[in-house]
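Here the structure comes first, spelled out in structure tokens, and everything after it is commentary.
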Amino acid sequence: MRYDLVIFDNDGVLVDSEPIANVILAGYLTELGHPTSYEDSLRDYMGSAVHRVHDLVRERTGQALPADFDATLHARTFEAFERELTAVEGVEDVLGALRADGIPYCVASSGSHERIRVGHRRTGLDRWFDDSVVFSAQDVGRGKPDPDLFLYAARQMGVAPERCVVVEDSRLGVAAALAAGMDVYGFTAMTTAGDLTGAKGCFADMKELLALLV
């Protein structure tokens with residue numbers, strides 16, 4: 001393999017959470033008086049940390065979201081995850097192949113550690129990721145599109161950025177990987193290749209990933 005570390009995004013790449021989470025986010029923002037469609041939420045927030053929601057609402061309206069916004073959003077999202085969340089089809093085959101070949105991998109997500117762990121427990125992916133290979137925007141303060149999270153993950157794993165490859169499904173995630181000096185492949189299950197400008201390649205089926213990495 002051409003890389004010494006594979007860095008996976010979580011939402012939409014490992015767990016099929018984006019449809020669930022963006023329905024809830026759009027509904028909650030609309031409930032608070034900031035009309036947001038599901039498509040708006042995907043365009044503006046997919047792949048980002050929750051601070052981006054606060055930033056964009058304040059920028060567009062001059063208003064701050066409620067102090068309990070994050071806690072309420074997370075509670076609603078986690079409840080839905082417990083009912084509905086599944087792993088992305090084929091991702092366990094990819095993880096199994098990487099492990100069998102001794103290729104290090106980790107997850108670097110704009111979501112909180114709690115969100116990552118709730119999703120992994122619900123889908124059974126926790127058996128593939130122990131705490132030492134799980135990184136969150138919480139660890140660095142700013143999420144994607146800033147490169148900090150990917151650079152932090154690489155440092156923690158002891159791999160130079162240029163030897164890392166990122167698997168992403170969002171425009172913000174691709175931008176973060178490129179800013180970190182890493183190659184990135186775009187998963188287009190919910191996006192188009194045109195949305196992931198700068199990706200070294202794109203794929204729509206997880207079973208195609210391994211062939212791109214060799």
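For this chain, numbers begin at 1 and follow the sequence in order.
Asn10 has its side chain within reach of His120: a pair of non-hydrogen atoms, C-beta onward, lies under 4.5 Å apart. Side-chain atoms of Gln156 and Val133, non-hydrogen and from C-beta on, never get closer than 4.5 Å to each other. At least one side-chain heavy atom of Leu196 sits under 4.5 Å from a side-chain heavy atom of Thr188. At least one side-chain heavy atom of Arg121 sits under 4.5 Å from a side-chain heavy atom of Val118. For the pair Asp4/Cys164, no side-chain contact is recorded, criterion being any heavy-atom separation below 4.5 Å from C-beta on. Inter-residue side-chain proximity for Phe135 and Cys106 is flagged as met; some heavy-atom pair is nearer than 4.5 Å. Between Leu85 and Ile20 there is a side-chain heavy-atom pair separated by less than 4.5 Å.
Ser109 OG to Ile116 CD1: the interatomic distance, rounded to the nearest 0.5 Å, is 4.0 Å. A distance of 10.0 Å separates CD of Glu59 from OG1 of Thr61, quoted to the nearest 0.5 Å. With values rounded to the nearest 0.5 angstrom, His113 atom NE2 is found 4.5 Å from Ser136 atom OG. One distance of note links OG of Ser41 with CD of Glu18; it measures 8.5 Å at 0.5 Å rounding. Here the CG atom belonging to Leu213 is positioned 12.0 Å from the CD atom belonging to Glu208, to the nearest 0.5 angstrom.
In this structure, Asp101 contributes its side chain and Ile103 its backbone to no donor-acceptor pair below 3.5 Å. Under the 3.5 Å distance criterion, the side-chain polar atoms of Asp130 are matched with a main-chain donor or acceptor of Ser132. Checking side-chain atoms of Arg58 against main-chain N and O of Ala64 turns up no donor-acceptor pair under 3.5 Å. Side-chain atoms of Arg52 do not come within 3.5 Å of backbone N or O of Tyr45 as any donor-acceptor pair. Looking only at distances, no side-chain donor or acceptor of Thr123 sits under 3.5 Å from a matching main-chain atom of Thr86. Checked by atom type and distance alone, the side chain of Ser37 pairs as donor or acceptor with a backbone atom of Asp40 at under 3.5 Å. With hydrogens and angles disregarded, a donor-acceptor distance shorter than 3.5 Å links the side chain of Thr36 to the backbone of His34.
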Q) After noting the C-alpha distance and the side-chain angles of Arg60 and Asp44, does the key distance pass the salt bridge (charged side-chain N to carboxylate O under 4.0 Å, His left out) rule? A) CA-CA 12 Å; Arg60 291 169 174 174; Asp44 293 339; 3.0 Å; yes
Q | side chain to side chain contact (heavy atoms under 4.5 Å, CB included) between Phe69 and Leu32, intermediate numbers included | A | CA-CA 10 Å; Phe69 177 84; Leu32 293 173; 3.6 Å; yes
Q) Taking it one step at a time, do Leu98 and Met1 satisfy side chain to side chain contact (heavy atoms under 4.5 Å, CB included)? A) CA-CA 10 Å; Leu98 293 175; Met1 185 170 289; 3.8 Å; yes
Q) How far apart are the C-alpha atoms of Leu178 and Val184, what are their side-chain angles, what is the distance that settles it, and do they pass the side chain to side chain contact (heavy atoms under 4.5 Å, CB included) test? A) CA-CA 7 Å; Leu178 294 174; Val184 55; 3.9 Å; yes
Q. Stepwise, does the side chain to side chain contact (heavy atoms under 4.5 Å, CB included) test hold for Glu84 with Asp16?
A. CA-CA 9 Å; Glu84 306 171 37; Asp16 195 15; over 6 Å; no
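More than 12 non-hydrogen atoms from other residues, nucleotides or ligands lie less than 6.0 angstrom from CD of Glu162.
Clustering ILVMFWY residues whenever any of their side-chain heavy atoms sit less than 4.5 angstrom apart, transitively, puts Leu14 in the very cluster that holds Val134. By the criterion of side-chain heavy atoms lying less than 4.5 angstrom apart, applied directly or through intervening Ile, Leu, Val, Met, Phe, Trp or Tyr residues, Leu29 is not grouped with Tyr38; the two fall into different hydrophobic clusters. Residues Val50 and Val23 do not share a hydrophobic cluster, clusters being chains of Ile/Leu/Val/Met/Phe/Trp/Tyr side chains in contact below 4.5 Å. Linking Ile, Leu, Val, Met, Phe, Trp and Tyr whenever their side-chain heavy atoms come within less than 4.5 Å puts Leu65 and Leu25 in one cluster. Hydrophobic clustering (side-chain heavy atoms under 4.5 Å, transitive across Ile, Leu, Val, Met, Phe, Trp, Tyr) keeps Leu42 apart from Val15.
Salt bridge annotation for Asp195-Arg43: absent, with no cationic side-chain nitrogen under 4.0 angstrom from a carboxylate oxygen. Ion pairing between a basic and an acidic side chain is recognised when a charged N comes within 4.0 Å of a carboxylate O; Arg117 and Asp131 show such pairing. The pair Glu168-Lys144 counts as a salt bridge, with a side-chain nitrogen and a carboxylate oxygen less than 4.0 angstrom apart. Using a cutoff of 4.0 Å between basic side-chain nitrogens and carboxylate oxygens, Asp183 and Arg163 are not scored as salt-bridged. Under 4.0 Å is where a charged nitrogen must lie from a carboxylate oxygen, and between Glu31 and Arg76 at least one such pair does. The pair Glu92-Arg127 meets the salt-bridge criterion, since a charged nitrogen lies less than 4.0 angstrom from a carboxylate oxygen.
Annotation: side-chain contact (heavy atoms from CB on, under 4.5 Å) contacts of Ala180 (sequence neighbours excluded): Pro147, Phe150, Leu151, Met182.
Here the closest non-hydrogen pair linking Gly198 and Val174 is C-CG1, 4.4 Å. Closest heavy-atom contact between Gly186 and Ala199: N-CB, 4.0 Å. Between Asp169 and Gly12, the closest heavy-atom pair is OD2-CA, 3.3 Å. Listed here is the closest heavy atom pair of Met206 and Val13: CE-O, 3.4 Å. Scanning both residues, Gly143 and His51, for their nearest heavy atoms gives N-NE2, 3.0 Å. The minimum heavy-atom distance between Ile24 and Ala80, with the atom names listed, is CD1-CB, 3.5 Å.
In summary, the aromatic rings of Phe203 and Phe187 are positioned with their centroids under 6.0 Å apart.
Taking the six-membered ring where the residue is Trp, Phe81 and Phe78 present tilted rings, their angle falling between 30° and 60°.
When the options Phe129, Tyr3, Trp128 are evaluated for a ring pair (Phe, Tyr, Trp, His ring centres under 6.0 Å) with Tyr105, the one that passes is Phe129. When the options Asp11, Asn22, Thr77 are evaluated for a side chain to side chain donor-acceptor pair (under 3.5 Å) with Ser17, the one that passes is Asp11.
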